[in-house]
Engineer: 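Sending over a structure as structure tokens; questions will come in a sec.
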Amino acid sequence: MDYYSIFIGLIFILNILLALVVIFLERRDAASTWAWLLVLFFIPLLGFIIYLLFGLNFPKKSKMFQWEDRKKIGIDEMLSLQISALHNRNLPMENDEAKANHDLIHMHLVHNDAVLTQDNSMQIFKDGQDKFNALFKDIEEAKDHIHLQYYIFKRDNLGKRLVELLNKKAREGVKVRVLYDDLGSRSMTKRFFKKLREAGGEVEAFFPSRFHFINLRLNFRNHRKLAIIDGKLGYVGGFNIGDEYLGLNKKFGYWRDTHLRIEGSAVYAIQTRFILDWNQASHRNDIHYVPEHYPPIQTDGHIPIQVVTSGPDNELEHIKNGYIKMISSAKESILIQTPYFIPDASLLDALRIAALSSVEVKIMIPNKPDHMFVYWATYSYIGELLKTGAKVFIYDNGFIHAKSIVIDEKISSVGTANIDVRSFRLNFEVNAFIYDEKISNSLAADFYNDLKVSRPLTLEEYNHRSLWIRFKESISRLLSPIL
């Protein structure tokens, strides 16, 4: 027997063994299992490498985000008190939207430790220039600490301006910490933050590669975008750090996103999320409890908010479950803006049922891809919703990256999670669930304003798409469980 035959035989045996792992040990859902089996058997050797990079499951019992000091700040006590009050139906609710959605609040509170805070005020940004002008101003006025966490941090003009400002604040004695995702910020270098570190700032990368060219945790990325200033101001939303988010990239044009600036006790939850992520990434400079991270907050706000997180370290897909619960409660309208639309069967069914039940379902997606397979998979799923009477709009004024959902213009959610399998199962994400009619009306108004620069995608137009588009949809749809 020649060496070639031995090699082919070994590859065949390896594929069989790996297939058995996928089927029997990793306990994936059926769609994902079949997708990986197709990859393994149609491209044997390359498929094995792809599986090592993208297919390995995250250990669900991981204790990577355990933080014992949270007991010191009263989070466990607050959770216990709120859960007990909810069970006894005597948890005070500040407005009608919170009262009407006590079951959604209960789900997040009990299963995600998402404390309900009701003293918040909020500013909504949909333009990058406005968002970063406000953030830079808040950083300039920081007195104690600045905590920044971004999936993408680029070394372009915006990145340089931000780091220069952080250098200045660090030299003033303000404690500066920056956390970025190693893959999302793959162009980042240690040299870029050299002056910040010399000034006393700290910088960490989330899940950095142990090898120069290969990262075996490539599939599990921290997609969160957070900023906390002095423990009193918090930012969460879709904007990363880079010139393209200011609309300066010719490929994408104007960048339409949604980001929140929050004042109130919800900032404590945002701060806690940052500290948990930081302590996982840092093995030398853990953040321990100090009162300065959770200062007394005085605000005249009355917006109820829950800060909900999800990630591959937990069996429950918390943000997706929140979306489904919201969709199921809709009586009049569902407004969704998302750059990617690759729902699993449960979310797709929820939207189908809503549309078939005369709820007005409107979804806005980009007119151009930033990830080709994801774009055509999105197009495929959108076609299914069109058949149920949902309305789909293509944003033509650049690139829409907003991740928002508004139900009956009464409750809403804004954050980092896209409507796709990756955000629900693989990425570490964070969303603010907002129980306030005024804020939800404002987000709905932004949606309807975006309709002025969007065009409807009709079922007739979709049905007349070319064979080439249908082929791209089919291949992308087949791979959608692992995109």
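Hydrogens, waters and symmetry mates play no part in the numbers below; they use all other heavy atoms, side chains included. The chain is numbered in sequence order, starting from 1.
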Engineer: For a 4.5 angstrom cut-off between non-hydrogen side-chain atoms, does Val236 reach Arg273?
Structural biologist: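 Side-chain contact under 4.5 Å: no.
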Engineer: Using the rule given for side chain to side chain contact (heavy atoms under 4.5 Å, CB included), can you reason through Leu148 versus Leu166, listing the C-alpha separation, both sets of side-chain angles and the distance that settles it, and then say yes or no?
Structural biologist: CA-CA 10 Å; Leu148 301 182; Leu166 295 176; 3.8 Å; yes
Engineer: With side chain to side chain contact (heavy atoms under 4.5 Å, CB included) as the criterion, how do Leu104 and Ser329 come out once you've worked through the C-alpha distance, each side chain's angles and the decisive distance to 0.1 Å?
Structural biologist: CA-CA 10 Å; Leu104 175 60; Ser329 72; over 6 Å; no
Engineer: Mind checking whether His145 and His293 have ring centres under 6.0 Å apart?
Structural biologist: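 Yes, they do, as the ring centres are separated by less than 6.0 Å.
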Engineer: So, do Phe192 and Tyr180 have ring centers that fall under 6.0 Å from each other?
Structural biologist: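 Between Phe192 and Tyr180, the centre distance exceeds or equals 6.0 Å.
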Engineer: Could you check whether any side-chain N or O of Asn120 sits under 3.5 Å from a backbone N or O of Gly301, counting only pairs where one atom can act as donor and the other as acceptor?
Structural biologist: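 Not at all, since once roles are kept as given, no pair shorter than 3.5 Å links the two residues.
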Engineer: So, for Ala402 and Thr258, which heavy atoms are closest and what is the spacing to 0.1 Å?
Structural biologist: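 Answer, listing the atom of Ala402 first, then Thr258: CB-OG1, 3.3 Å.
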Engineer: Hey, does Ile365 have a side-chain heavy atom less than 4.5 Å from the side chain of Ile400?
Structural biologist: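 No - every pair of side-chain heavy atoms lies 4.5 Å or more apart.
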Engineer: Say whether, by atom type as modelled, one donor and one acceptor occur between the side chain of Asp230 and the main chain of Lys143 under 3.5 angstrom.
Structural biologist: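 Confirmed, Asp230 side chain pairs with Lys143 backbone.
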Engineer: Does the side chain to side chain contact (heavy atoms under 4.5 Å, CB included) test come out yes or no for Tyr235 and Lys131, once each step is laid out?
Structural biologist: CA-CA 9 Å; Tyr235 285 78; Lys131 184 261 180 175; 4.3 Å; yes
Engineer: Which residues pass the side-chain contact (heavy atoms from CB on, under 4.5 Å) test with Ala269, not counting sequence neighbours?
Structural biologist: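 Ala269 satisfies side-chain contact (heavy atoms from CB on, under 4.5 Å) with Val307 once adjacent residues are dropped.
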Engineer: Rounded to the nearest 0.5 Å, what's the gap from CD on Glu204 to CG on Asn285? Could you check?
Structural biologist: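 Here the interatomic distance stands at 6.5 Å.
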Engineer: Keeping Asp127 on the side-chain end and Asp130 on the backbone end, is there a donor-acceptor pair under 3.5 Å?
Structural biologist: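 Pair found, side chain donor or acceptor close to backbone of Asp130.
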Engineer: Under the criterion side-chain contact (heavy atoms from CB on, under 4.5 Å), which of Glu97, Lys410, Lys99 is the partner of Tyr435?
Structural biologist: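 Only one of Glu97, Lys410, Lys99 forms a side-chain contact (heavy atoms from CB on, under 4.5 Å) with Tyr435, namely Glu97.
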Engineer: Pick from Thr416, Asp181, Asn222: which one makes a side-chain contact (heavy atoms from CB on, under 4.5 Å) with Tyr151?
Structural biologist: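 Only one of Thr416, Asp181, Asn222 forms a side-chain contact (heavy atoms from CB on, under 4.5 Å) with Tyr151, namely Asp181.
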Engineer: With a 4.5 Å heavy-atom cut-off, do Tyr340 and Arg422 have their side chains touching?
Structural biologist: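 No, every pair of side-chain atoms sits at 4.5 Å or beyond.
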Engineer: Quick test of your reading of the model: are Glu141 and Lys137 salt-bridged, counting only N-O distances below 4.0 Å?
Structural biologist: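 Between Lys137 and Glu141 there is a salt bridge, with a charged N closer than 4.0 Å to a carboxylate O.
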Engineer: Tell me the closest heavy-atom pair linking Lys362 and Tyr448, and the distance in Å.
Structural biologist: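 Nearest pair, atom of Lys362 first, then Tyr448: NZ-CE2, 3.6 Å.
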Engineer: Under 4.0 Å between a Lys/Arg side-chain N and an Asp/Glu carboxylate O for Lys175 and Glu202?
Structural biologist: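 Between Glu202 and Lys175 there is a salt bridge, with a charged N closer than 4.0 Å to a carboxylate O.
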Engineer: Would Lys168 and Glu172 pass as an ion pair if we require N to O under 4.0 Å?
Structural biologist: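 Looking at Glu172 together with Lys168, the answer is yes, because their closest N to O distance falls below 4.0 Å.
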Engineer: Apply the test side chain to side chain donor-acceptor pair (under 3.5 Å) to residues His223 and Lys225: give CA-CA distance (whole Å), side-chain angles for both, the deciding distance (0.1 Å), then the verdict.
Structural biologist: CA-CA 7 Å; His223 197 238; Lys225 299 100 177 168; 3.2 Å; yes
Engineer: When rounded to the nearest 0.5 angstrom, what is the spacing between CD1 in Ile139 and NZ in Lys169?
Structural biologist: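 Taking CD1 in Ile139 and NZ in Lys169, the distance rounds to 9.5 Å.
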Engineer: Using every non-hydrogen atom in the two residues, find where Ile324 and Ala350 come nearest and quote the distance to one decimal.
Structural biologist: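 Closest pair (atom of Ile324, atom of Ala350, distance): CG2-CB, 4.2 Å.
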Engineer: Look at the aromatic rings of Phe207 and Phe428 and report parallel, tilted or perpendicular, splitting at 30° and 60°.
Structural biologist: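 Geometry flag for Phe428 against Phe207: perpendicular rings.
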Engineer: Let me see the working for Phe153 and Phe193 under ring-ring contact (aromatic ring centres under 6.0 Å, His included), right down to the final yes or no.
Structural biologist: CA-CA 11 Å; Phe153 201 123; Phe193 292 109; 5.4 Å; yes
Engineer: Compare all side-chain heavy atoms of Val203 with those of Arg197 and state whether any distance is below 4.5 angstrom.
Structural biologist: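 Val203 reaches Arg197 side chain to side chain.
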Engineer: Indicate yes or no: at least one non-hydrogen side-chain atom of Ile297 is less than 4.5 angstrom from one of Tyr268.
Structural biologist: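 SC-SC contact between Ile297 and Tyr268 confirmed.
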Engineer: In Å, rounded to the nearest 0.5 Å, how long is the span from CD1 of Ile336 to CG of Leu385?
Structural biologist: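 One gets 8.0 Å once the value is rounded to the nearest 0.5 Å.
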Engineer: With no hydrogens and no angle check, is any side-chain donor or acceptor of Asn397 less than 3.5 Å from a backbone partner on Tyr254?
Structural biologist: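 No; judged by distance alone, with no hydrogens or angles, the pair does not exist.
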Engineer: Where the side chain of Thr378 meets the backbone of Phe341, is there a donor-acceptor pair that is under 3.5 Å apart?
Structural biologist: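 Answer holds: yes.
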Engineer: Sort out for me which residue in Thr272, Asp277, Asn279 forms a side-chain contact (heavy atoms from CB on, under 4.5 Å) with Ile275.
Structural biologist: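 Exactly one option meets the side-chain contact (heavy atoms from CB on, under 4.5 Å) with Ile275, and it is Asn279.
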Engineer: Charged N to carboxylate O under 4.0 angstrom, Lys403 versus Glu429?
Structural biologist: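 Answer for the salt bridge query: no.
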Engineer: Considering only heavy atoms from C-beta outward, does the side chain of Glu332 approach that of Glu360 to under 4.5 Å?
Structural biologist: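 In short, these two side chains do not touch, never coming nearer than 4.5 Å.
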Engineer: Looking at CG of Leu348 and CD1 of Ile342, how far apart are the two atoms once the value is rounded to the nearest 0.5 Å?
Structural biologist: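 That separation rounds to 12.0 Å.
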Engineer: If you measure from the Lys or Arg side-chain nitrogens to the Asp or Glu carboxylate oxygens, is any gap between Lys325 and Asp103 under 4.0 Å?
Structural biologist: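 Yes, charged N to carboxylate O under 4.0 Å.
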Engineer: Write out all pairs satisfying salt bridge (charged side-chain N to carboxylate O under 4.0 Å, His left out) with one or both partners inside residues 260-269, taking only residues at least two apart or from two chains.
Structural biologist: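 Those involving residues 260-269 are Asp138-Arg261, Arg261-Glu263.
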Engineer: Is the shortest distance from a Lys or Arg side-chain nitrogen in Lys126 or Asp450 to a carboxylate oxygen in the other one below 4.0 Å?
Structural biologist: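 Here Lys126 does not pair with Asp450 in a salt bridge, since their nearest N and O are not under 4.0 Å apart.
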Engineer: Apply side chain to side chain contact (heavy atoms under 4.5 Å, CB included) to the pair Asn249 and Phe399, showing each step before the final yes or no.
Structural biologist: CA-CA 10 Å; Asn249 186 312; Phe399 187 77; over 6 Å; no
Engineer: For the residue pair Met93 and Leu116, what are the closest heavy atoms and their distance?
Structural biologist: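 Scanning both residues completely, I find the closest heavy atoms to be SD-CD2, 3.9 Å.
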Engineer: Quick check against the 3.5 Å criterion: does His111 have a side-chain atom that pairs as donor or acceptor with the backbone of Leu109?
Structural biologist: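 Side chain of His111 to backbone of Leu109: no pair is present.
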Engineer: Could you tell me whether Arg455 and Asp396 make a salt bridge, using a distance below 4.0 angstrom between a side-chain N and a carboxylate O?
Structural biologist: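 A salt bridge is present here (some side-chain N lies under 4.0 Å from a carboxylate O).
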Engineer: Less than 4.5 Å apart, side chain to side chain, heavy atoms only: is that true for Ile394 and Ser454?
Structural biologist: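 Counting from C-beta outward, Ile394 and Ser454 never come under 4.5 Å.
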Engineer: For Ala114 and Val308, work out which heavy atoms get closest and say how close.
Structural biologist: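 Looking at all heavy atoms of both residues, the closest pair is CB-CG2, 4.0 Å.
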Engineer: Where the side chain of Arg161 meets the backbone of Leu158, is there a donor-acceptor pair that is under 3.5 Å apart?
Structural biologist: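 Here the side-chain-to-backbone pair does not exist.
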Engineer: Which of parallel (below 30°), tilted (30 to 60°) and perpendicular (above 60°) describes Phe433 and Tyr323?
Structural biologist: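 Rings of Phe433 and Tyr323: tilted, as their planes differ by 30° to 60°.
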Engineer: Determine whether the aromatic ring centres of residues Phe125 and Phe239 are separated by less than 6.0 angstrom.
Structural biologist: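 Ring-ring flag for Phe239/Phe125: false, centres at least 6.0 Å apart.
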Engineer: Is there a donor-acceptor pair closer than 3.5 Å between any side-chain N or O of Arg256 and the backbone N or O of Pro366?
Structural biologist: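 Absent.
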Engineer: Quick check: closest heavy atoms across His147 and Gln271, and the distance to 0.1 Å?
Structural biologist: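 In this case the closest contact between His147 and Gln271 is ND1-OE1, 2.8 Å.
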Engineer: Nearest 0.5 Å please: distance from the CD1 atom of Ile434 over to the CG atom of Asp436.
Structural biologist: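 Going from the CD1 atom of Ile434 to the CG atom of Asp436 covers 8.0 Å.
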Engineer: His401 and side chain to side chain donor-acceptor pair (under 3.5 Å): which single residue from Asn418, Asn240, Asp257, Thr338 fits?
Structural biologist: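 Only one option passes, and that is Asp257.
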Engineer: Among all residues two or more places apart in sequence or in another chain, which pass the salt bridge (Lys or Arg N to Asp or Glu O under 4.0 Å) test with Asp119?
Structural biologist: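 Partners of Asp119 by the salt bridge (Lys or Arg N to Asp or Glu O under 4.0 Å) criterion come out as none, since no residue qualifies.
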Engineer: Could you give the distance from CG (Asp408) to CD (Glu437), rounded to the nearest 0.5 Å?
Structural biologist: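 One gets 10.0 Å once the value is rounded to the nearest 0.5 Å.
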Engineer: Within the 4.5 Å heavy-atom criterion, are Lys387 and Leu459 side-chain neighbours or not?
Structural biologist: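 Lys387 reaches Leu459 side chain to side chain.
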